[in-house]
Amino acid sequence: MHDQPLTPELFSWEFAADPYPAYAWLREHAPVHRTRLPSGVEAWLVTRYADAKQTLADNRLSKNPAHHDEPAHAKGRTGIPGERQADLMTHLLNIDPPDHTRLRRLVSKAFTPRRIAEFAPRVQELADGLIDRFADSGSADLIHEFAFPLPIHAICDLLGVPREDQDDFRDWAGMMIRHGGGPRGGVARSVKKMRGYLAELIHRKREALPADPTPGEDLISGLIRASDHGEHLTENEAAAMAFILLFAGFETTVNLIGNGTYALLTHPGQRDRLQRSLAAGERGLLETGVEELLRYDGPVELATWRFATEPVTIGGQRIAAGDPVLVVLAAADRDPERFADPDVLDLGRRDNQHLGYGHGIHYCLGAPLARLEGQTALATLLTRLPDLRLAVEPAELRWRGGLIMRGLRTLPVEFTPPRGGPRT
């Protein structure tokens with residue numbers, strides 16, 4: 001340890017490829033660490049599991065950017081690019097109780113586990129259809145051809161975006177994901193287009209809404225219908241809510257599938273174990289396995305922004321009112337104080353209270369959908385393309401530069417084309 005630099009360099013390209021050694025250093029030497037982010041904003045990073053869990057549930061830390069005591073150069077650099085200008089700020093990631101409580105209760109009425117369970121055959125159909133497109137070629141970029149289109153079409157179907165409009169959504173989502181770590185202008189334009197489209201779609205659906213819900217009703221219709229003591233979502237709130245379900249529910253799943261597949265391809269013993277389990281018709285290892293992939297190299301590296309509304313002490317460190325706080329989920333989920341052998345991938349890990357979906361009142365509403373998509377995607381890939389392998393050396397892969405998310409730009413793979421051609 002003594003020959004380590006004083007503080008490891010954070011947010012470089014080398015760091016993006018493997019941030020875990022730097023996070024281990026911070027957990028040990030500076031568990032609550034103030035740093036200047038690439039955007040110029042200064043924020044506190046919380047890296048130990050116990051501190052992270054406490055911070056995520058602390059109501060003195062607000063989600064509302066209005067509490068950020070920001071210098072002029074940092075104005076508007078803390079949220080989703082473009083959401084401020086597009087009037088999309090009133091969503092679950094930016095608000096506190098009591099507004100958060102009311103909105104979350106309304107959305108929960110539309111976004112039920114039962115609705116997700118009924119959606120399982122559609123997710124399977126999407127996974128098979130995407131593999132059919134590249135199965136005969138013997139190679140693919142799994143990000144572009146599988147991990148990216150699967151959740152975007154799934155969330156569009158679930159929301160009720162007509163099939164003929166989904167390619168537009170794919171383009172807007174592609175802009176967001178490609179420019180996540182770069183210029184904010186392109187992202188802001190995509191956000192604005194998406195916002196305009198959703199407002200119009202919600203208005204059209206509201207006009208045509210039948211008196212009683214139909215079986216399999218889409219989520220936007222469910223959002224319009226949901227009421228809390230007779231109080232409905234405004235069209236603005238419904239648009240912001242549909243947007244955040246799309247935004248939060250898509251790039252996270254791209255990364256869950258991409259990072260998860262990459263972890264399996266670089267841990268052949270674990271991958272063989274999962275393939276044998278699937279071949280035997282079991283689901284248990286797939287279920288614990290997706291949770292372990294979320295813990296080991298999850299899609300969300302840092303939890304979304306929080307701002308101290310009063311002086312707070314975290315892990316013995318005093319934090320001033322107005323300071324931004326970022327919980328490093330990737331560091332907390334490899335804390336040896338909480339997880340035995342945290343740097344080891346063990347798909348059968350039982351004691352796995354990871355923070356990949358957050359904790360407290362902002363616990364991820366879409367967790368059941370993410371689990372369904374992750375399990376279906378990985379099981380279908382490993383079953384249909386059993387000799388799937390990386391087409392490049394791991395060191396050649398590039399990770400997207402961004403603050404909150406962790407994901408690969410590309411994942412080139414090779415495999416033997418299945419005999420008998422595409423499934424029908």
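Source: prediction; values computed, not measured. Heavy-atom basis, side chains included; hydrogens, waters and symmetry copies ignored.
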When R406 is tested against each of D297, T252, N259 for side-chain hydrogen bond (donor to acceptor under 3.5 Å, both in side chains), which residue passes?
D297
Is the closest side-chain heavy-atom distance between D323 and F307 below 4.5 Å?
no
Apply side-chain contact (heavy atoms from CB on, under 4.5 Å) to the pair R163 and D157, showing each step before the final yes or no.
CA-CA 8 Å; R163 299 272 163 95; D157 279 352; 3.1 Å; yes
Residue list, salt bridge (charged side-chain N to carboxylate O under 4.0 Å, His left out) with R338, at least two apart or on another chain:
D351
With a cut-off of under 6.0 Å to the ring centre and 45° to the axis, is R334 in cation-pi contact with Y296?
yes
Strictly below 4.0 Å, N to O, side chains only: are R384 and D128 in salt-bridge contact?
yes
Counting only N and O atoms by type, is there a donor-acceptor contact under 3.5 Å from the side chain of R318 to the main-chain atoms of G316?
no
Presence of salt bridge, K205 and D218, under 4.0 angstrom
yes
Does R133, at its CZ atom, have more than 12 non-hydrogen atoms belonging to other residues, nucleotides or ligands within less than 6.0 Å?
no
Verify side-chain contact (heavy atoms from CB on, under 4.5 Å) between L223 and I202, making sure each step is shown before the conclusion.
CA-CA 9 Å; L223 285 175; I202 287 163; over 6 Å; no
Under a plain distance cut-off of 3.5 Å, with no hydrogens placed, do R271 and Q275 share a side-chain donor-acceptor pair?
yes
Residues, nucleotides or ligands: over 12 heavy atoms within 6.0 Å of H144 NE2:
no
Got T380 and Q124 here, is their nearest side-chain heavy-atom distance under 4.5 Å?
yes
Does a salt bridge link E337 with R27, judged by any charged N lying under 4.0 Å from a carboxylate O?
no
Hey, are Y197 and D165 close enough side-chain-wise for a donor-acceptor pair under 3.5 Å?
yes
If you measure from the Lys or Arg side-chain nitrogens to the Asp or Glu carboxylate oxygens, is any gap between R295 and E292 under 4.0 Å?
yes
Could you check R349, R350, R283 and say which one makes a side-chain contact (heavy atoms from CB on, under 4.5 Å) with T288?
R350
Option passing side-chain contact (heavy atoms from CB on, under 4.5 Å) with W44 (candidates T35, I319, T55):
I319
So how far is it from Q54 CD to I314 CD1, rounded to the nearest 0.5 Å?
6.5 Å
Could you check whether E125 pairs with R122 (Lys NZ or Arg NE/NH1/NH2 to Asp/Glu carboxylate O, under 4.0 Å)?
yes
W399, Y23, Y20 screened by ring-ring contact (aromatic ring centres under 6.0 Å, His included) with F15, the one that passes:
Y23
Answer whether the closest heavy-atom distance between the side chains of T261 and L388 falls below 4.5 Å.
yes
salt_bridge(R371, E287) N-O dist < 4.0 Å:
no
